[in-house]
Novice: 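Can you read through this structure? Questions will come right after.
Only this structure's heavy atoms are used, side chains among them; waters, hydrogens and symmetry mates stay out. Remember, it's 1-based here, ligands and their atoms both numbered in the order they're listed.
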Amino acid sequence: MSTRETEVVVIGAGPGGYAAAFAAADRGMQVTLVDPSEKLGGVCLNRGCIPSKTLLHLARVITETKEVSEWGLKFGSPKIDLNAIRKWKDTVIAKNAAGVGQLAKARGVQIINAWARFKDSQTLLLSSTPGGTPDQGELRYGHAILAVGSRPAVIQSLNIKSPRVMDSTAALEIPEIPKTMLVIGGGYIGLELGTVYAALGCQVSVVEATDGLLPGADRDLVRVLEKRVRETFKDIYLKTKVVQLEDTGKSVRVTFDRTRVTDTDVEPPPEQEYDRVLIAVGRTPNSQGLGLDNTQVTVNAKGFVEIDKSCRTADPHIYAIGDVAGEPMLAHKAAHEARVAVEAIAGEAAVFDARAIPAVVFTDPELAWAGLTETQAAQQNIPVEVARFPWGASGRATAIGRNDGLTKVIVAPDTKRVLGVGICGVHAGEMISEGVLAIEMGAVAHDIALSIHPHPTLSETVGEGAELAYGSATHLYRPPR
Ligand code: NAD
């Protein structure tokens, strides 16, 4: 069996893994990146963030052409060419993956296309098939960075093999535009992909187990989103679970558990048939099948590899980053951890101490938050003041017909230090970075309010939200108390 050697091996070429490989190479380390796929970029680039945002952009264009018809600009109904759409999506993926490949090559990162599993703390076995014989030999290393990500969670009780029942990977392929689709899970993926399918003409319904969409986000922001998606989606069933899925040969028969539904909720029928079902109930870390038992790495009850603040596992030779190393399962968290792990391997006192990891849901409108949420403040008994700036008072929001937004700035009552920022509205995902910067820099609301925001932009809602933390803002009158 051939044995190769490397100073640092990164396992998994997603946005965490390739960022780690590049950071290590930039520090002059000899780096090998192992991933079974020739297309670098992992789930995010190939089956997640990038293809979904490509499709969400098309969805936005379809919706905008409908909206502008009220304002004197009429377009015909869109002619949807699914083959061309898939081709465009694949072109976007290929362009990005090629870019990552070129960056790896330029940095001299050695790439091995194989499945890796640990033989011991400093040796990997490399196979062409998952769990197969190590036909590609062994790789000895000084340090490993585990960045193997996550996969869609399955609901064991609904285990059904049917092309009509899709996970996010299958749904991104848009096998067809079904007449009706049920999305199980009102989280990030369910709402984003539901938005795409609805714009393409499908009647989308959503079923969510908890009592609200996007359980992690503040309710006032979710209300803004929910108001709109209640119009674009056919039905939204809250406090409801699916107990059975049956492929009838023509559709999927869905049985709902409605025991928690009350009179004030939209009640689903006991059973309903849908052309397709999308299951989006979270993601599971890929910590199995890696031979971790042959190392000192520990895994917690949820399947996440346990790490310290420097991304070190319990094995001194192995670091872990990204989805496999804990929540939030977000690409930008993984990329940030990548740099921490590499710095720690280089012997520096690096720790992951981000004050704010932004979260963005790319729905229409987008919903984004950073730092402390109002819900967390209440749960943790942290005193806060919240300044809310409704987009009805934004000139730019009016100009684009999108007054349905809300920006909120959460501050410490005594110092007015910015603890959190939340935005629901179009382009919220682009705007949240100002909040991240403010929180990271320990800014007080005055720092934002005194920074001149360009007019007319939606970013002014952040500036005026910060002004409101002191009682008044130009475009929002509050009578003196
Ligand atoms: P999620 O955790 O965001 O949402 C899953 C939802 O399913 C939750 O609201 C949960 O209450 C609900 N649920 C769970 N079991 C259910 C059941 N049996 N019936 C009905 N509802 C049920 O998970 P996701 O949407 O699958 O996304 C997975 C992860 O991927 C997220 O945690 C996120 O970090 C990441 N992601 C991020 C983005 C982004 O950054 N824009 C986009 C997609 C995915």
Novice: Please check if the number of heavy atoms outside Glu38 that lie under 6.0 Å from its CD is greater than 12.
Specialist: no
Novice: Kindly give the heavy-atom pair with the smallest separation between Leu278 and Ser168, and that separation in Å.
Specialist: CD1-N, 3.9 Å
Novice: Flag yes if more than 12 heavy atoms outside Lys53 fall under 6.0 Å of its NZ atom; otherwise flag no.
Specialist: yes
Novice: Crowded around Glu306 CD? As in, over 12 foreign heavy atoms under 6.0 Å?
Specialist: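 Counting neighbours around CD of Glu306, more than 12 heavy atoms of other residues, nucleotides or ligands fall under 6.0 Å, so yes.
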Novice: Can you tell me how the ring of Tyr319 sits relative to the ring of His143, calling it parallel under 30°, perpendicular over 60° and tilted otherwise?
Specialist: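 Tyr319 vs His143 ring planes: perpendicular.
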Novice: Do any pairs count as a salt bridge (Lys or Arg N to Asp or Glu O under 4.0 Å) and have a residue in residues 86-95, sequence neighbours left out, and if so which ones?
Specialist: Lys89-Glu173
Novice: Find all protein N or O atoms under 3.5 angstrom from an N or O atom of ligand 1 and list the pairs with distances, or write 'none'.
Specialist:
residue  : atom   : partner : partner atom : Å
ligand 1 : 3 (O)  : Tyr188  : N            : 3.2
ligand 1 : 9 (O)  : Glu208  : OE1          : 2.6
ligand 1 : 9 (O)  : Glu208  : OE2          : 3.2
ligand 1 : 11 (O) : Glu208  : OE2          : 2.7
ligand 1 : 21 (N) : Ala209  : N            : 3.1
ligand 1 : 23 (O) : Gly282  : N            : 3.3
ligand 1 : 25 (O) : Tyr188  : N            : 3.2
ligand 1 : 25 (O) : Ile189  : N            : 2.7
ligand 1 : 26 (O) : Gly282  : N            : 2.8
ligand 1 : 34 (O) : Met329  : O            : 2.8
ligand 1 : 40 (O) : Val360  : O            : 3.4
ligand 1 : 41 (N) : Glu192  : OE2          : 2.8
ligand 1 : 41 (N) : Val360  : O            : 2.7

